[in-house]
There are 2 protein chains.
Amino acid sequence: MSKGEETRERILAIMEESVLQKGFGATSIEEVITEAGITKSGFFYHFQNKNALAKALLLRYLEREDVILDDVFNRGRDLAEDPLQAFLVGLKLLAELMANLPQEHPGCLVATCCYQESLFDREVRELNRRIVLHWRQRFRSLLEAIAERYPSRCEVNLDELADMVSATIEGGLVLGRATGDRQILPAQILLLRSYIRLLFEPDRATVH
Amino acid sequence: MSKGEETRERILAIMEESVLQKGFGATSIEEVITEAGITKSGFFYHFQNKNALAKALLLRYLEREDVILDDVFNRGRDLAEDPLQAFLVGLKLLAELMANLPQEHPGCLVATCCYQESLFDREVRELNRRIVLHWRQRFRSLLEAIAERYPSRCEVNLDELADMVSATIEGGLVLGRATGDRQILPAQILLLRSYIRLLFEPDRATVH
DNA sequence: CGGGTAACCGTACCGTGAGTACAGTTATGC
DNA sequence: GCATAACTGTACTCACGGTACGGTTACCCG
């Protein structure tokens with residue numbers, strides 16, 4: 001990594017932490033460059049403006065999220081070859097991961113962007129949109145494998161069900177952030193898990 | 001309503017529309033007072049600062065939300081006396097309501113506040129927290145009536161299940177906003193409804 | 001109908017933060 | 001060792017939140 005890339009990465013890391021903690025609008029360039037040990041000119045050498053920074057941040061975030069989700073659901077697949085069990089394990093691992101996040105868990109950058117729309121240009125919004133559709137695709141493919149093997153107890157659209165995973169995470173983050181209760185997000189993921197079980201898991205007397 | 005209250009209300013209405021569309025930080029006092037036809041002095045006569053405005057906005061929002069939710073779930077109760085059926089009808093009505101929102105559906109002020117935290121003081125954040133707990137209470141009481149009559153197929157915590165209603169709405173709003181697809185939110189509410197059915201509805205061959 | 005107060009207006013000002021301009025400087029990699 | 005990348009420094013502009021404060025208008029109440 002060249003020196004330039006290194007500085008750029010440092011800016012992004014500092015920015016991300018602050019944005020997730022305080023929001024995008026409330027994070028000033030000045031405080032970022034102070035912490036990064038550079039000057040304003042240095043900052044604008046790397047990023048045209050705050051918008052470009054947001055875009056880079058979203059891209060970086062997307063990649064990291066992908067790695068985390070890949071990891072969780074791949075481990076699920078390793079532990080159980082059945083697609084349903086694999087997904088359920090993945091959700092449980094995800095819930096555990098979210099429960100053990102270090103202090104003040106971060107929100108989601110996508111949601112942050114959502115509620116700051118006018119600060120960003122069309123390109124950023126389009127990127128935001130693509131991320132959500134990417135998540136849909138990710139979860140849909142897992143759900144398709146499940147639906148192929150197990151009939152669902154209730155007719156559901158797989159795209160919508162895939163969105164439900166994202167929506168649960170986003171919703172759980174909002175509530176967790178609003179209340180300051182970090183257990184809400186993992187609890188919501190486990191409720192989603194329970195729904196998936198009721199939907200696809202073959203009959204038993206009563207599930208517990 | 002006195003002239004002062006009228007102006008205050010006008011400010012709040014203009015502010016709310018803009019905040020839901022563009023976010024809190026991106027809505028300037030100047031543009032609000034221009035649209036309201038008053039001066040800066042006039043604005044600061046009514047509100048100490050932007051924070052006080054946010055607080056008033058949240059309170060107003062809470063009341064309106066309450067009216068809407070009361071209406072929807074009371075109508076559910078009127079249409080079916082069984083608490084489960086009443087809740088299911090309420091959810092369906094809510095989904096319909098959300099599907100038919102006029103253009104660019106607004107986000108949620110609570111979520112907006114969540115992702116702008118540092119802009120607000122402790123009082124606003126505390127208010128935000130209380131709103132979420134109020135929602136929990138609201139849905140919990142409906143769910144308790146259901147759980148009393150119907151055994152659940154799967155052990156669930158009623159507080160968490162109550163939160164799931166809020167989380168579904170918040171999550172659906174985020175996704176809808178990010179993608180620009182207004183159908184996501186109602187679809188998510190219907191999925192939640194399907195979960196409630198699977199959880200509590202007595203056995204039939206297959207639910208459709 | 002007079003007066004007091006609520007509901008503003010006008011003007012001038014400050015601090016902060018985004019962003020621009022542009023010339024100069026240091027460091028790095030080939 | 002030299003070109004270029006990676007900055008620094010200084011000096012602005014503009015928008016926005018917020019303050020200060022004196023003056024003005026409108027409304028309600030006795």
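Just so we're on the same page: letters track the sequence lines, and every chain starts at 1. Because only heavy atoms are used, hydrogens play no part in the values below, and waters and symmetry mates are left out as well, while side chains stay in. Keep in mind it's a predicted model, so treat the numbers as computed, not measured.
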**Q** Looking at A:S2, does any N or O in its side chain come under 4.0 Å of the phosphate oxygens OP1/OP2 on D:dA6?
**A**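 Indeed, a polar side-chain atom of A:S2 lies that close.
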**Q** Rounded to whole Å, please give me the gap between CZ in B:F47 and P in D:dG17.
**A**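 Atom-to-atom, B:F47 to D:dG17, this comes out as 14 Å.
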**Q** Nearest of D:dG17, C:dC8, D:dC7 to any side-chain atom of B:K50?
**A**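 So the nucleotide nearest the side chain must be D:dG17.
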**Q** How many whole angstroms separate atom CE of B:M1 from atom C1' of C:dA7?
**A**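 These atoms are roughly 15 Å apart.
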**Q** Which whole-number value in Å describes the distance from A:F24 CZ to C:dG17 P?
**A**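 Roughly 15 Å, once rounded to whole Å.
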**Q** So if I take every side-chain heavy atom of B:S28 and compare against D:dA6, C:dC9, D:dG17, which nucleotide ends up nearest?
**A**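 Taking heavy atoms from C-beta onward, the closest nucleotide is D:dG17.
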**Q** Return no unless some side-chain N or O of B:H46 is found under 4.0 Å from OP1 or OP2 of C:dA7.
**A**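 No, outside the criterion.
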**Q** OP1 or OP2 of D:dA6 sitting under 4.0 Å from any side-chain N/O of A:T7?
**A**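 The answer is no; no side-chain N or O of A:T7 sits under 4.0 Å from OP1 or OP2.
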**Q** Write out all pairs satisfying ring pair (Phe, Tyr, Trp, His ring centres under 6.0 Å) with one or both partners inside residues 116-137 of chain B, taking only residues at least two apart or from two chains.
**A**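 Output for this query lists B:F24-B:F120.
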**Q** Using only modelled atom types and a 3.5 angstrom limit, is any donor from either the side chain of A:S41 or the base of D:dG9 paired with an acceptor on the other?
**A**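 Yes, a donor-acceptor pair under 3.5 Å.
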**Q** Phosphate oxygens OP1/OP2 of C:dA7: is one of them under 4.0 Å from a side-chain N or O of B:Y45?
**A**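 Looking at the OP1 and OP2 atoms of C:dA7, one of them is under 4.0 Å from a side-chain N or O of B:Y45.
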**Q** Looking only at side-chain atoms of B:K3, point me to the closest of D:dA6, D:dT8, C:dC8.
**A**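 Selected nucleotide (nearest to the side chain): C:dC8.
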**Q** Which whole-number value in Å describes the distance from B:L53 CG to D:dG17 C1'?
**A**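 Atom CG in B:L53 sits about 12 Å away from atom C1' in D:dG17.
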**Q** Do A:K55 and A:D121 meet the salt-bridge criterion of a basic N to acidic O distance under 4.0 Å?
**A**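 Result for this pair is no, no salt bridge flagged.
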**Q** Would you indicate which nucleotide in C:dG19, D:dG18, C:dG10 comes nearest to any side-chain atom of B:N49?
**A**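 Out of C:dG19, D:dG18, C:dG10, the nucleotide with an atom closest to B:N49's side chain is D:dG18.
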**Q** What's the CD1-P distance between A:I33 and C:dG17, to the nearest Å?
**A**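 Taking atom P of C:dG17 as the reference, CD1 of A:I33 is at 11 Å.
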**Q** At under 4.0 Å between heavy atoms, what does A:G42 touch on the DNA or RNA strands: base, sugar-phosphate, or nothing?
**A**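 Base contact.
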**Q** For the pair made of CZ in B:F43 and P in D:dG18, what is the distance, rounded to whole Å?
**A**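 Interatomic distance, CZ of B:F43 to P of D:dG18: 8 Å.
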**Q** Atom CD1 of A:I29 to atom P of C:dA18: distance rounded to whole Å?
**A**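 Distance, rounded to whole Å: 5 Å.
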**Q** For B:E6, does the CD atom have more than 12 heavy-atom neighbours from other residues, nucleotides or ligands under 6.0 Å away?
**A**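 Counting neighbours around CD of B:E6, more than 12 heavy atoms of other residues, nucleotides or ligands fall under 6.0 Å, so yes.
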**Q** If you look only at pairs with a residue in residues 54-99 of chain B, which of them pass as a ring pair (Phe, Tyr, Trp, His ring centres under 6.0 Å), with sequence neighbours excluded?
**A**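 Sorted pair list: B:F73-B:F87, B:F73-B:F139.
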**Q** Mind calculating the distance between NZ (A:K40) and P (D:dT8) to the nearest angstrom?
**A**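 After rounding, the gap between these two atoms is 14 Å.
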**Q** State yes or no: are the ring centers of A:Y195 and B:Y195 separated by less than 6.0 Å?
**A**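 Yes, the ring of A:Y195 comes within the 6.0 Å limit of the ring of B:Y195, centre to centre.
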